[in-house]
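In this text the structure is predicted, and so the values were computed from the model without any measurement. The chain is numbered in sequence order, starting from 1.
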Amino acid sequence: MKRRYTKCGTIVRWNFMVVECRLVLVTRRDSLLAALVATVWGVNFVVIDWGMGDVPPLLFVAIRFTVVLLPAVFLLPRPDVPWRVLLAVGAFMSLGQFSFLYLSMAAGMPPGLAGLVLQAQVVLTIVLAAAALRERPTAAQTVGVALGAAGLVVVGLGRGGHVPATALLLCLLAALTWAIGNVVSRASGATGGLALTVWSALVVPVPLALLSLAVDGPAAFGDAAAAFGWEALLSTLYTAVLASLVGYGIFNGLLSRNPSAAVVPWILLVPPVAMGSAWLLLGERPAAGEVAGGAVLVLGVLVALRPSAPRLGVGRTAAPEVGDRGTDPAGGEVGGPRLDLVERAERR
């Protein structure tokens, strides 16, 4: 009987090792995806500034999300979430964030600095998720976010004095609406990141086009059509396809299977990418404060993503069951009778 029990324990131990191996692979994949999103979004600020030109900012956002929406909305099934979730994600993460961001940059916010100030959403997301979803950040994440916030302050003191107050306020409002959208997306439990991105864009083009018509006047539409050259076209394609479809498709997918506090610290890598690309492509040379702040931001990412913090790919989302209480290794924790049996076998 003892030999039989030991044999069973060996089988369970082997299964558990396979589960652990698969967990590590999923974690690396999600980490690489998060880094890719940060890079795409960092360059995005330069591309927006380069392509906007004489096109009114609200109309430019409407055009961008028209490209996001069509024809993808006819090719992807609607996410299995209520319409109120789709509308909320679109209203905050897409319409709100990018309306305020484009208006901020049109009001004088430099692309590199916009990429930095917008990352106030990291702190706001973790605070909102802790209050609304009870996702309590670990000590490492708290320290990492504090370092990231300190980096924002360093850059603000070193460069932000010449930025118009209106532009700064609009950029902070963009950060707040992004943070709310993050929490709504996480709370929905939607698994189709790309489909959620596309279908939530339904609320963007028409309202913003009408708002632009009211604010800028009918003549602005004709002027925008005349000024819409190849720079605006390439900018729209980059922001719509790479930044929105690819970037937010991946990002919403990460949020659907990971705690918010494990995903959003990666976006602290956006400001260094934004400042570096603005320097290389626009000649917007960063000041010493920006460089120092960017270094502190990267340090904050490294601290927040220590192994003791919740790892990407090991989320709280429920997953299909394996056996009695063990869960799918790609989706959640592994425990229950399997782990208990291994521990008892080791004690013998």
As a quick check of understanding, evaluate side-chain contact (heavy atoms from CB on, under 4.5 Å) for F251 and T197, giving each step before the final call. CA-CA 9 Å; F251 190 68; T197 300; over 6 Å; no
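Here the side chains of F45 and L101 are in contact, with some heavy-atom distance below 4.5 Å. No side-chain heavy atom of T66 sits less than 4.5 Å from a side-chain heavy atom of L69. Side chains of M52 and S235 form no contact here, defined as non-hydrogen atoms less than 4.5 Å apart. Using a 4.5 Å cut-off on side-chain heavy atoms (C-beta onward), F92 and V183 make no contact. Within the 4.5 Å cutoff, the side chain of L36 has heavy atoms near those of the I250 side chain. Using a 4.5 Å cut-off on side-chain heavy atoms (C-beta onward), F60 and F228 make contact. The closest side-chain heavy-atom distance from L113 to L116 is below 4.5 Å. Annotation: side chain of R64 is in contact with side chain of S244 (closest heavy-atom distance under 4.5 Å).
Side-chain N or O atoms of W199 include one that pairs as donor or acceptor with a backbone N or O of L76 at under 3.5 Å. Between the side chain of Y238 and the backbone N or O of V40 there is at least one donor-acceptor pair closer than 3.5 Å. Within the 3.5 Å criterion, the main-chain N or O of A232 finds a donor-acceptor partner in the side chain of T236.
Nearest heavy atom pair, residue A38 against residue L269, reads CB-CB, 3.9 Å. Closest approach of A274 and S277 over heavy atoms only: O-OG, 3.0 Å. In terms of heavy-atom proximity, F65 sits nearest to A201 at CD2-CB, 3.9 Å. Taking every heavy atom of both residues into account, L86 and S200 meet most closely at O-CB, 3.5 Å. Taking every heavy atom of both residues into account, P56 and A224 meet most closely at CD-CB, 3.7 Å. In terms of heavy atoms, A195 sits closest to P77 at CB-O, 3.6 Å.
Rounded to the nearest 0.5 Å, atoms OG (S212) and CG (L58) are 5.5 Å apart. L170 contributes atom CG, which lies 8.5 Å from atom CE of M109 (distance to the nearest 0.5 angstrom). Interatomic distance, CG of L172 versus CG of L176, reported as 9.0 Å (0.5 Å rounding). Distance check: L213 CG to L208 CG gives 12.5 Å after rounding to the nearest 0.5 Å. Note that CZ of R78 and CG of L196 are 11.0 Å apart. Values are rounded to the nearest 0.5 Å. To the nearest 0.5 Å, atoms CH2 (W41) and CG (L118) are separated by 9.5 Å.
Residues L281 and V270 do not share a hydrophobic cluster, defined by chaining ILVMFWY side chains whose heavy atoms lie under 4.5 Å apart. Under the 4.5 Å side-chain heavy-atom criterion for Ile, Leu, Val, Met, Phe, Trp and Tyr, M105 and V215 are members of the same hydrophobic cluster. Hydrophobic clustering of Ile, Leu, Val, Met, Phe, Trp and Tyr side chains at less than 4.5 Å, counting indirect connections, keeps V67 apart from V203. Cluster annotation: L233 is connected to L245 through the hydrophobic network of ILVMFWY side chains, with a link wherever side-chain heavy atoms come within less than 4.5 Å. Cluster membership for L234 and V47, using ILVMFWY side-chain heavy atoms within less than 4.5 angstrom, is not shared.
Of the candidates V89, L87, V81, V89 is the only one forming a side-chain contact (heavy atoms from CB on, under 4.5 Å) with V184.
Side-chain heavy-atom separations under 4.5 angstrom define the hydrophobic clusters, and the remaining members of the one that includes V206 are L210.
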